[in-house]
Structure formats: C-alpha cells, structure tokens
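Dropping a structure here in structure tokens format, bear with me for questions.
The figures that follow rest on heavy atoms only: side chains count, while hydrogens, waters and symmetry mates do not.
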Amino acid sequence: MANPKYYVTTPAHDPASTPTAWLYTAILGDAIARHRHMCGFDVVRFVGTHTSRVSLPYSPEEALGKRIASTPPNQKRFDKLAAHADILCDTISSDEHTRAVQTLLRRTMHRSRLAIYKTNYQGWYCIHDQIDIGDSLEPANCSVCGCAGKMISEERYFFRLSAFHDRLVGLYKYRPEFLQPQFRSREIESLLQKGVKDIPISRRSTGCGVPWPDDPKHTVSPCYSELVRYLSGIGFGKDGYGRDQFTRYWPANLHVIGKEQLICHALYWPALLIAADLHVPRHIFAHGTLCFDQEARNGAHVPERLLHTFGSDALRYCLLREVPFEEDARLSFEKLVERYNTDLAGGFGKIVDRILTSLAEHCDGRIPNRSLRRSDQRMEIASTEIRAEARFLFDNNNFSEGLKTLWSLLTIIDKALTDSQPRESVRESKDNHRLTDVLHDACQSLAWILILLHAILPRTTDAIWRTLGQTTDLRDQGIDETPWGCLMPGTPLAKLGPLFPAIRQNGAVPGGCRDIRHPRHNQCGPAQEPTARQPVSDQKRHENGVE
C-alpha cells in the first residue's frame with residue numbers, strides 16, 4: 001500500500017517581505033518536507049523562487065526605470081540563495097503555468113458563472129512592485145517601496161469575493177485548524193465581520209504576463225497567477241484538470257507563508273478555489289515577521305553574507321531555533337553568532353566529538369556492546385521521552401521548541417559521560433563496564449538525535465551517520481521505524497573532522513560579516529533530499545580564521 005501523501009508549499013518572494021524573511025520561509029518549508037518524509041509520508045513540495053511579476057509599464061519612459069530593469073536579476077538571486085541553503089526549488093515552464101492559469105479561469109467561469117465580471121477600475125498603482133495601493137481620491141504611496149503611486153483608470157476583470165463571504169465564514173467556523181497559529185484565524189474572522197470587497201484579477205495587456213483566456217486585451221494579475229503555481233506545480237491543466245499527479249496530491253496539506261502573505265492566502269485563495277469547485281488546502285501556517293537588524297542598512301546582501309559566514313546547515317539551525325513558533329523575531333549577527341557558538345560549536349559538535357573520542361580510547365574505535373550486568377536504563381528512558389516530545393513539536397511545525405527539547409538530551413548524555421569517566425586505578429584494566437554501557441547508550445541516543453535533526457542539519461547529520469559506520473541513507477531512516485539499539489555493536493567507526501569550529505567575533509559587526517572570522521567546514525558531504533533529485537552543492541565557505 002502506498003504511503004500517505006503530503007504536499008507542502010512555500011510562496012515565491014513577495015515585495016512586502018525581506019530576502020531574509022523569504023529565506024526563512026523556504027528553510028522552514030524545506031525542513032517540514034524532510035521531516036514528513038522521515039515520518040513515512042510520500043512527500044511532494046513546491047518551493048517557488050522565481051516570480052511571474054513581469055513589469056508592465058504604462059509608458060515608454062517608465063519602461064526605462066532602474067527598478068523595473070532590475071527585476072530579472074532578482075529571480076536569479078533567489079534561485080541562488082535557495083541552492084546555497086540546500087533548498088530544492090521547482091521550476092515551471094511558462095507554457096505549463098499559462099495553461100494552468102487559463103484552465104482555472106475557464107473552470108471558474110464554468111462552475112460559478114457570476115464569479116468573474118468586467119468593469120472599470122480607477123485607483124493608485126505602484127508600477128515598481130505591481131500592486132494596487134488604493135482607490136481613494138487622495139494621492140497614496142506604496143507601502144512596500146515608498147514610491148508615489150500612479151493614478152490609473154482601466155477596464156479589468158474582477159472576482160466577486162463578496163459573493164463567497166458566507167462560505168469563508170463557514171470555513172473558519174467549522175475548520176478552526178485551517179489557519180495556524182490560531183490567533184491568525186481571528187484576524188481573518190475580524191476582516192470577514194467588516195465585510196469584503198470584490199478584487200481585480202486582471203490588468204490591461206502590454207504583451208507581458210499570462211494572457212486572459214479568449215481576451216487578448218487583458219493579462220492575469222500577478223497575485224492570481226502566483227497562487228495558481230501551487231496547482232501548476234503538480235500538473236494542473238494537463239489532460240484537462242490533471243488526472244494523475246494533481247488528483248493524488250491536491251488539496252495541499254500545508255501552505256507555509258509569512259505574515260505578509262496572510263490576506264492573499266487565507267482570504268482570496270480559498271474563495272478562488274471554492275469558486276472553481278476545488279478543495280481548499282488542509283492547513284495554512286503563517287509564521288511571524290522576521291526582521292534582521294542589518295537588513296535596513298545593507299539588506300541587499302544580508303542573506304548571502306549569512307550563508308557565507310555560517311554555511312547552510314548552521315544557518316538553517318540558527319534561524320529555526322531563534323524564530324519563535326507564533327511570534328515575530330528580531331535577529332542580529334551577534335545573536336546568531338552566540339547561538340552558533342553555544343548550541344553547535346559548544347553543544348552538539350562538542351558532544352559528538354566527546355563520544356567519538358571516548359569510543360576510540362576505550363572501545364577500539366567501535367560501537368560497544370552493553371555488558372551483561374547492565375541495569376541502568378535511565379538514558380534509554382530519557383531518550384524515548386525526549387524523542388516523543390520533540391517529534392510532537394516538529395509535527396506541529398514548532399521547530400524552535402522542538403530543538404530546545406532535543407538539546408536537553410545532549411545535556412543528559414554529557415552528564416552521563418562525565419559521571420562514568422574511569423578513575424586512574426581502573427583506566428588500564430579495561431574492565432570499566434559502566435563506561436562501556438554509557439557509551440553504548442550514548443551511541444544509541446545519538447542515532448535517534450541524528451534522525452530527528454536530519455531535517456534541520458542534513459549535511460552534518462549525514463556525515464556523522466556515515467562516521468558511525470552506517471551505510472544506509474539517513475533520509476530514508478524512518479523516525480518511527482528505528483528502534484533503540486539500531487547501531488550494530490562492533491561496527492568500526494570512520495574519521496570525522498571538526499563539525500562546527502567556533503566563530504570568533506571582534507566586537508560589533510557594523511558592516512555585516514566582514515568582522516566575523518569563521519573556519520571552513522565543508523567536510524560534511526552532500527545533503528540528502530526527500531526526493532530522487534540531487535541537491536545543489538553547498539556554497540564555498542569564507543576562510544578567514546579558526547579559533
């Protein structure tokens with residue numbers, strides 16, 4: 001019998017969010033996909049990096065603007081960012097996407113004949129970010145870029161959102177788990193109580209964008225087109241409405257979004273799907289706003305500098321650990337460096353090195369067998385309880401608390417190793433059964449930690465897994481199918497270089513990563529993906545200094 005399906009998505013970059021916020025959203029979605037794969041699901045994920053927000057200038061002079069001309073390089077930038085963060089991204093051909101958008105529009109007009117109508121639109125529009133600012137008579141500036149809006153008047157197609165008001169109210173009433181965290185649902189319910197207005201879903205045609213079906217004078221609005229990527233990413237539009245892949249994986253199990261995309265995903269998207277007689281997603285998770293202190297001063301290259309300094313695994317961990325489950329987060333280089341040195345260099349990396357060193361010294365570099373007189377099962381009991389709690393938190397997308405819980409097991413292992421260190425009188429006798437038993441339990445606990453951590457630290461955990469003499473792919477090691485004692489006693493260990501050498505920071509970091517010294521740590525090998533595709537190689541590390 002086939003494994004249950006799990007379809008998770010993250011949106012393309014939105015003008016209202018910073019590059020660092022987009023990178024966090026993509027990392028969170030990637031971690032969820034990897035975790036669900038190891039929980040036994042047939043996972044398909046869609047991570048959109050490029051956008052169909054093609055600039056539509058209103059005049060030849062506006063077409064020469066620098067901001068409009070800079071749109072295509074941004075697409076390459078986000079593709080490169082995702083590759084360096086070990087995030088597998090999906091590319092959809094323009095023909096496939098155009099077919100999906102037009103198929104959905106035709107289906108909507110067929111299933112809900114009054115849902116789409118044409119009328120005149122007059123209001124303020126931002127030509128740079130391609131968003132409507134407002135329809136008041138007073139001049140308005142764009143909330144994203146701050147530029148002055150342009151008053152436009154043109155004929156557009158509108159979606160009759162007001163006609164689906166009651167259906168949306170019922171969705172949030174009878175499916176309270178639809179939008180998570182719960183307080184986000186109350187925000188949408190508050191908007192519904194005030195009433196909703198119809199929304200424009202087309203623009204006048206200038207030769208760019210997705211053409212409106214059977215009406216070449218109009219193109220589909222970028223917002224509508226981007227939402228349809230969740231459908232075109234799994235084959236919607238092929239063979240009618242997609243007979244195989246689409247019918248298997250839709251509705252999506254989870255849309256991972258930032259708070260900036262809340263209205264578009266939690267209000268407009270369900271109504272558009274209902275009008276087309278399609279199932280709405282099972283869940284939407286809207287994380288808080290991520291604000292980086294240095295983003296305002298030199299935000300154009302902050303994500304690149306973070307990856308250049310910490311590397312993909314360490315940055316994935318630091319962001320998922322530092323950003324709370326339901327709250328906004330304000331980060332800085334100093335805070336991330338502190339988290340790195342405390343949790344990775346001085347925590348996880350130190351414990352792994354201590355276990356491997358003790359095995360080499362006392363067990364001839366092999367996984368030890370437990371003694372017949374073993375009676376202490378405290379580490380096994382603690383590992384079982386902590387694994388269950390961390391698994392529950394990861395299942396609910398709470399990686400910050402889940403990692404905090406998992407790190408408590410490292411403290412237990414460290415204390416057990418300290419308490420079991422042999423005295424000088426018995427160090428040469430090689431008859432210290434207590435130490436052997438503790439090292440056996442420490443190895444088994446480490447195996448469970450690696451399995452749970454693989455979604456967050458794919459490269460590092462895979463390297464340690466190989467060091468423990470395991471030949472299977474860690475990504476295919478099921479969380480629920482791996483028992484205590486999964487490591488075979490007597491298995492020889494391989495060598496492992498330093499995992500997370502400490503980062504040395506000289507005072508403040510006014511200019512970003514220039515003042516941060518960090519060693520190379522490329523020895524962890526290629527990351528494993530939950531699909532058959534090969535991941536992109538990791539970015540070369542900055543080689544300033546080793547502490």
Side-chain angles (χ1 to χ4, degrees), residues 1-4 6 31-43 348 351-352 354-356 358-359 363 365-396 399 402-403 405-417 420 433-458 460-494 496 528 530:
M1 186 173 63
N3 292 342
Y6 197 89
I32 291 172
R34 293 176 186 268
H35 173 72
R36 289 291 179 175
H37 173 77
M38 299 183 72
C39 290
F41 287 88
D42 173 19
V43 175
F348 182 62
I351 295 298
V352 172
R354 185 174 185 182
I355 292 175
L356 296 178
S358 298
L359 292 174
C363 303
R366 297 177 179 272
I367 303 294
N369 201 351
R370 62 184 181 184
S371 63
L372 297 177
R373 65 183 71 176
R374 173 180 180 270
S375 59
D376 189 351
Q377 295 183 328
R378 286 178 295 179
M379 193 181 299
E380 179 179 354
I381 295 173
S383 298
T384 302
E385 294 176 350
I386 291 175
R387 181 179 76 157
E389 184 178 354
R391 161 73 189 278
F392 173 80
L393 292 168
F394 287 173
D395 285 351
N396 289 275
F399 285 90
L403 290 171
T405 299
L406 200 57
W407 248 240
S408 65
L409 182 55
L410 296 178
T411 303
I412 294 174
I413 295 174
D414 188 47
K415 185 177 185 304
L417 289 173
S420 64
H433 297 288
R434 183 185 178 191
L435 177 60
T436 302
D437 289 342
V438 169
L439 286 174
H440 172 273
D441 290 352
C443 288
Q444 305 303 336
S445 295
L446 179 60
W448 276 3
I449 293 174
L450 294 178
I451 293 171
L452 285 170
L453 271 183
H454 185 67
I456 296 93
L457 301 171
T460 304
T461 53
D462 186 66
I464 301 173
W465 186 253
R466 303 283 180 188
T467 300
L468 294 176
Q470 307 307 302
T471 57
T472 59
D473 285 337
L474 185 55
R475 61 174 178 173
D476 295 327
Q477 201 72 31
I479 294 177
D480 297 326
E481 299 172 356
T482 305
W484 178 264
C486 60
L487 301 181
M488 184 66 65
T491 302
L493 306 180
L496 181 68
Q528 298 288 346

Practice problem: Under the side-chain contact (heavy atoms from CB on, under 4.5 Å) rule, collect the residues that match up with Thr472, sequence neighbours excluded. | Solution: Trp465, Gln477
Practice problem: Would you give the length of the straight line joining atom CD1 of Ile351 to atom OG of Ser445, rounded to the nearest 0.5 angstrom? | Solution: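 One finds 11.5 Å between CD1 of Ile351 and OG of Ser445.
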Quiz prompt | Point-to-point distance, once rounded to the nearest 0.5 Å, from CG of Leu417 to CG of Leu439 | solution =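 The CG atom of Leu417 sits 6.0 Å away from the CG atom of Leu439.
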Quiz item: Salt bridge check: are Asp42 and Arg36 linked by an N-O gap of less than 4.0 Å?
Solution: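 No, this pair does not count.
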Exercise. Output yes when a side-chain donor or acceptor of Gln470 lies under 3.5 Å from a complementary backbone atom of Leu468, and no otherwise.
Key: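 Side chain of Gln470 to backbone of Leu468, a donor-acceptor pair under 3.5 Å: yes, one is there.
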Quiz item: What is the distance from atom NE2 of His454 to atom CG of Asp462, rounded to the nearest 0.5 Å?
Solution: 6.0 Å
Practice problem: Please list, chain by chain and in numerical order, all residues satisfying side chain to side chain donor-acceptor pair (under 3.5 Å) with Asp395, sequence neighbours excluded. | Solution: His35, Arg391
Quiz item: Residues two or more places apart in sequence or in another chain: which of them pass side chain to side chain donor-acceptor pair (under 3.5 Å) with Arg354?
Solution: Asp414, Thr418
Self-check item: Residues forming a side chain to side chain donor-acceptor pair (under 3.5 Å) with Thr405, sequence neighbours excluded
Solution: none
Quiz prompt | Steps toward side chain to side chain contact (heavy atoms under 4.5 Å, CB included) verdict (Ile449, Ile413) | solution = CA-CA 11 Å; Ile449 293 174; Ile413 295 174; 4.0 Å; yes
Practice problem: Just jot down the side-chain contact (heavy atoms from CB on, under 4.5 Å) partners of Thr467, sequence neighbours excluded, or say none. | Solution: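 Residues passing side-chain contact (heavy atoms from CB on, under 4.5 Å) with Thr467: Leu356, Leu496.
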Quiz prompt | Residues which pass ring pair (Phe, Tyr, Trp, His ring centres under 6.0 Å) with Trp448, listed by chain and number, not counting sequence neighbours | solution =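 So Trp448 forms a ring pair (Phe, Tyr, Trp, His ring centres under 6.0 Å) with Trp484.
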Exercise. Working to the nearest 0.5 Å, report the span between CG of Leu435 and OG of Ser358.
Key: 6.5 Å
Self-check item: For Glu481, side-chain contact (heavy atoms from CB on, under 4.5 Å) partners two or more places apart
Solution: none
